[in-house]
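This report refers to the structure that appears directly beneath it.
Positions are given from 1, in the same order as the sequence printed here.
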Amino acid sequence: NRSDLPVKRKVPRKAKQPRMLQIKEKFGTIRVYLSHTDPMIDSFVYLAEVMSSITCEQCGAPAETHYDGGWAVTICHSCKAKREEERNEK
């Protein structure tokens, strides 16, 4: 099975290297902005953005996006319950 081998690509010597311009959270998911990308890099960034919409930002468990006080947060049911419990204790 060759799927576990690293991907090798020939990169022209004078090719511009990708550069991270900005990374932020927006509407409960990650947003990544790069310069000098290619289709392969774009597909990895897209995958990360999609995965962030279904992964708890607190613990990494499967999650959903919820709206909390005007903010969109992607958290699992357990972390949401803990957050609500802590808020009620204050």
Side-chain angles (χ1 to χ4, degrees):
N1 182 1
R2 298 188 55 81
S3 64
D4 58 345
L5 297 176
V7 176
K8 291 187 179 184
R9 301 182 295 156
K10 290 188 177 185
V11 179
R13 215 166 229 210
K14 294 184 180 183
K16 291 188 176 185
Q17 295 297 309
R19 193 166 153 231
M20 180 76 64
L21 299 176
Q22 187 178 60
I23 186 166
K24 63 183 179 180
E25 180 185 356
K26 189 171 182 177
F27 303 117
T29 62
I30 193 171
R31 294 289 187 261
V32 179
Y33 301 94
L34 302 167
S35 66
H36 313 299
T37 66
D38 62 29
M40 181 179 279
I41 292 170
D42 291 339
S43 66
F44 285 121
V45 169
Y46 177 75
L47 176 63
E49 290 175 346
V50 169
M51 291 301 297
S52 75
S53 71
I54 59 170
T55 305
C56 180
E57 59 190 58
Q58 296 289 315
C59 70
E64 297 174 347
T65 300
H66 302 274
Y67 292 89
D68 183 15
W71 295 97
V73 292
T74 303
I75 54 176
C76 67
H77 295 293
S78 175
C79 289
K80 182 180 179 192
K82 287 178 192 173
R83 181 180 281 197
E84 289 171 354
E85 185 178 306
E86 289 171 358
R87 188 175 291 146
N88 291 335
E89 289 177 356
K90 291 181 180 180

Check: Does Arg31 have any salt bridge (Lys or Arg N to Asp or Glu O under 4.0 Å) partners at least two apart in sequence or in another chain, and if so, which?
Finding: none

Check: Counting only heavy atoms not in Tyr33, do more than 12 fall under 6.0 Å of its OH?
Finding: yes

Note to self: Using every non-hydrogen atom in the two residues, find where Pro18 and Ile41 come nearest and quote the distance to one decimal.
What the structure shows: CG-CD1, 3.3 Å

Do any side-chain atoms of residues 70-83 form donor-acceptor pairs under 3.5 angstrom with protein atoms, and if so which ones, sequence neighbours left out?
residue, atom, partner, partner atom, Å
Thr74, OG1, Gly28, O, 2.5
Thr74, OG1, Thr65, OG1, 3.0
Arg83, NH1, Asp68, OD2, 3.2

Counting only pairs under 3.5 Å, give me each side-chain donor-acceptor contact of residues 44-52, with atom names and distances, residues two or more places apart or in other chains.
residue, atom, partner, partner atom, Å
Glu49, OE2, Val32, N, 3.2
Ser52, OG, Ile30, N, 2.9
Ser52, OG, Glu49, O, 2.7

Check: If you round to the nearest 0.5 Å, how far is CG of Leu34 from CD1 of Ile23?
Finding: 8.5 Å

